[in-house]
Protein chains: 2
Amino acid sequence: MKRSLEHIQYKENTEALAKFAKALAHPTRIAILKHLKSQSCCFTGDLVEVFPLAQSTVSQHLKELKNAGLIQGELKPPKIKYCINQENWNIAKSLFNDFLD
Amino acid sequence: MKRSLEHIQYKENTEALAKFAKALAHPTRIAILKHLKSQSCCFTGDLVEVFPLAQSTVSQHLKELKNAGLIQGELKPPKIKYCINQENWNIAKSLFNDFLD
DNA sequence: ATTACATATCGTATATTTGCGATAATAAAT
DNA sequence: ATTTATTATCGCAAATATACGATATGTAAT
């Protein structure tokens with residue numbers, strides 16, 4: 001990609017909002033989050049059974065959601081229990097709410 | 001990409017929400033929408049002056065926002081006046097609001 | 001130390017996104 | 001019909017995203 005050299009200076013929250021939106025920009029990730037909300041928490045393996053996707057693919061989606069801060073993992077050997085990160089979830093909620101009027 | 005042959009059947013609204021999120025998944029598009037909201041409407045040329053981006057790039061972002069239904073263009077020759085599509089905006093607002101709890 | 005289980009990461013292939021300059025299209029005015 | 005102003009589209013290059021199978025990692029139990 002030919003990127004413009006000067007990197008754009010956006011107004012406050014613009015990039016944070018875009019980052020959250022990007023994490024939500026795939027139906028599988030929305031579905032994962034819906035599942036997490038309804039179950040409050042669940043294991044990677046549970047999700048692998050829900051979707052017709054490879055384990056590695058599900059894991060990658062979880063990684064992105066984790067990087068965005070929307071979920072967090074808790075070690076429950078040999079499993080990992082994923083839950084909504086409520087603190088960041090609320091931040092996202094408020095950002096979207098303000099933005100969308 | 002090696003896509004799974006069976007295409008996933010998501011629950012209602014999941015794909016609609018992901019589609020809106022995708023449209024918002026770039027800071028420039030967020031910024032464009034913020035600008036449109038504050039001005040209520042504006043021309044492509046105005047936006048080209050606001051961002052250090054080529055005219056074609058801005059036009060492409062506008063196209064994506066239009067495809068997502070978040071904005072609409074009105075012919076004002078030789079210009080085009082873009083405004084928020086309030087109807088779809090409200091739909092997006094309600095989808096995000098419900099999803100984010 | 002070895003094994004077993006669950007999950008993450010790596011390597012790879014393909015698709016999509018982002019950006020640019022150049023060109024085409026559109027509508028009005030001359 | 002030509003010109004002018006504005007915006008959209010095309011063609012390309014590079015970056016990122018998506019998906020998979022294979023492999024590595026981490027933890028507990030044996």
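By convention in this document, chain letters (A, B, ...) are assigned in the order of the sequence lines, proteins followed by strands, and residues within each chain are numbered from 1. Since this is a predicted model, take the numbers as computed values, not measurements.
- Taking every side-chain heavy atom of A:Pro77 into account, D:dT27 is the closest of C:dT7, D:dT27, D:dA5.
- Atom CG of A:Leu53 and atom P of D:dA19 are 6 Å apart (whole Å).
- Here A:Thr44 reaches the OP1 or OP2 of C:dA8: one of its side-chain N or O atoms lies under 4.0 Å away.
- Per the geometry, CD belonging to B:Gln55 stands 15 Å off C1' belonging to C:dT18, to the nearest Å.
- We find that CZ of A:Phe43 is positioned 8 Å from P of C:dT7, with the value rounded to whole Å.
- Under the 30°/60° scheme for interplanar angles, the aromatic rings of B:Phe96 and A:Phe96 are found to lie parallel.
- Rounded to a whole Å, the CD1 atom of A:Ile8 is 12 Å from the P atom of C:dT18.
- For residues 61-73 of chain A, every residue pair satisfying the salt bridge (charged side-chain N to carboxylate O under 4.0 Å, His left out) rule, not counting sequence neighbours, is listed here: A:Arg29-A:Glu64.
- A heavy atom closer than 4.0 Å to some atom of DNA chain C occurs in A:Ser59, A:Lys63, these being the qualifying members of residues 57-72 of chain A.
- Atom CD in A:Glu49 sits about 14 Å away from atom C1' in C:dC5, given to the nearest Å.
- When rounded to the nearest whole Å, the span between CG of B:Leu47 and P of D:dA8 equals 10 Å.
- Between the NZ atom of B:Lys76 and the P atom of D:dA8 there is a distance of 16 Å, given to the nearest Å.
- Counting heavy-atom neighbours within 6.0 Å of B:Lys19 NZ, excluding the residue itself, gives a total of 12 or less.
- Note: B:Phe20 and B:Trp89 fail the aromatic proximity criterion, with ring centroids not under 6.0 Å apart.
- Distances from the side chain of A:Ser56 to the nucleotides C:dT9, D:dA8, C:dC20 place C:dT9 closest.
- Shown for residues 17-31 of chain B: residues whose heavy atoms fall under 4.0 angstrom of DNA chain C, namely B:Lys22, B:His26, B:Arg29.
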